[in-house]
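Just so we're clear, the structure is a prediction, and the values are computed from it rather than from any experiment. A, B, ... follow the sequence lines: proteins, then strands. Residue 1 opens every chain.
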Amino acid sequence: MNYWLFKTEPDECSIDDFANAPDTPIVWEGVRNYQARNFLRDDVAVGDEVFIYHSSCKDIGIAGIARVVRAAYPDPSQFNPCSIYFDPKSSPDNPRWVAVDLVYASKLVQLIRLDKLKSLANLTELPLVRKGNRLSVMPVTCAQWQTILALC
DNA sequence: GCCAACGTTGGC
DNA sequence: GCCAACGTTGGC
């Protein structure tokens with residue numbers, strides 16, 4: 001089993017959206033970066049656990065945990081002309097982008113702020129805290145996962 | 001809203 | 001395959 005961190009803008013999809021529908025899988029669509037796509041497509045597996053990270057908002061940081069319930073499949077939004085994620089260069093017989101499904105696992109008692117994460121020597125290798133990082137789907141090592149959980 | 005950093009595109 | 005120009009991300 002692997003651990004991950006997925007970024008999301010809470011205006012778009014927040015941990016509360018998961019918590020409000022704890023039995024409903026949420027389609028993690030709209031990843032449009034090749035490195036992130038490759039992680040989703042090749043390495044994210046059913047049963048993996050995911051930190052849900054809130055970006056571009058007032059309270060930036062890790063807000064909760066979700067679990068993967070469906071591995072990669074073609075991201076439906078890439079074929080939908082009405083979607084902001086529509087990609088005219090992708091085709092159903094050769095899809096460029098993938099989605100996975102997540103369900104709610106837990107909400108952290110309090111959000112772990114980005115500056116807190118940046119302050120920890122154990123996390124300096126986490127892509128999230130590295131300068132200029134823009135990866136929206138990133139692996140978290142077991143040690144990093146434990147370090148972060150211990151902050152709760 | 002600014003802007004640094006990074007990713008992508010496309011001409012050559 | 002290089003690289004300038006452009007677009008996007010995301011913290012501040």
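- With sequence neighbours excluded, the residues satisfying side chain to side chain donor-acceptor pair (under 3.5 Å) with A/Arg32 are A/Asp75, A/Ser77.
- With sequence neighbours excluded, the residues satisfying salt bridge (Lys or Arg N to Asp or Glu O under 4.0 Å) with A/Glu49 are A/Arg67.
- In terms of the salt bridge (Lys or Arg N to Asp or Glu O under 4.0 Å) criterion, residue partners of A/Asp87 (sequence neighbours excluded) are, by chain and number, A/Arg96.
- Legend: residues meeting side chain to side chain donor-acceptor pair (under 3.5 Å) with A/Asp48, ordered by chain and number and at least two apart, are A/Trp4.
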Under 3.5 Å donor-acceptor pairs involving side-chain atoms of residues 110-118 of chain A, not counting sequence neighbours:
residue	atom	partner	partner atom	Å
A/Arg113	NH2	A/Asp59	OD1	2.8

Show me the side-chain donor-acceptor pairs of residues 17-28 of chain A shorter than 3.5 Å, one per line, residues at least two apart or across chains.
residue	atom	partner	partner atom	Å
A/Asp17	OD2	A/Ser14	N	2.8
A/Asn20	ND2	A/Asp16	O	3.0

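- Applying a 4.0 Å cut-off to non-hydrogen atoms, the residues of residues 50-61 of chain A that approach DNA chain C are A/Tyr53, A/Ser55, A/Ser56, A/Ile60, listed by residue number.
- Qualifying ring pair (Phe, Tyr, Trp, His ring centres under 6.0 Å) partners for A/Phe51, counting only residues two or more places apart in sequence or in other chains: A/Trp145.
- For DNA chain C, the neighbouring residues in residues 113-127 of chain A, judged by any heavy atom under 4.0 Å, are A/Leu114, A/Lys118.
- Residues meeting the side chain to side chain donor-acceptor pair (under 3.5 Å) test with A/Arg41, sequence neighbours left out: A/Asn38.
- Looking at residues two or more places apart in sequence or on another chain, you find no side chain to side chain donor-acceptor pair (under 3.5 Å) involving A/Ser91.
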Which protein N or O atoms sit under 3.5 Å from an N or O of nucleotides 1-5 of chain B?
residue	atom	partner	partner atom	Å
B/dA5	OP1	A/Lys131	NZ	2.8

